[in-house]
Amino acid sequence: RIDRPVSGVVLLARTSKALVRMNEMFKTREVIKTYWAVVEKTPSEKEGTLVHWLKKNEIKNIFQIK
């Protein structure tokens, strides 16, 4: 998200035809998204799925792991 202090990629289509094709690729899940995390210690496994609930701090307008 570009409204949060994070880094990432913003994709733009140069033509309307390219936009239609790009939207179709996202719709059919042809685009693979990869998320990276910065951690203090090396995880015990190289790959896996991390599932946590997020809790919003209304005062600071941030999300924290619950």
Under 3.5 Å, sequence neighbours excluded: what are the donor-acceptor pairs made by side chains of residues 13-25?
{"unit_1": "Thr15", "atom_1": "OG1", "unit_2": "Ala18", "atom_2": "N", "d": "3.0"}
{"unit_1": "Asn23", "atom_1": "ND2", "unit_2": "Leu19", "atom_2": "O", "d": "3.4"}

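Hydrophobic clustering (side-chain heavy atoms under 4.5 Å, transitive across Ile, Leu, Val, Met, Phe, Trp, Tyr) groups Phe26 together with Val9.
Its side chain outside the 4.5 Å cluster rule for every partner, Val39 clusters with none of the Ile, Leu, Val, Met, Phe, Trp and Tyr residues.
Listed by chain and number, the residues in a side-chain contact (heavy atoms from CB on, under 4.5 Å) with Lys46 amount to none (sequence neighbours excluded).
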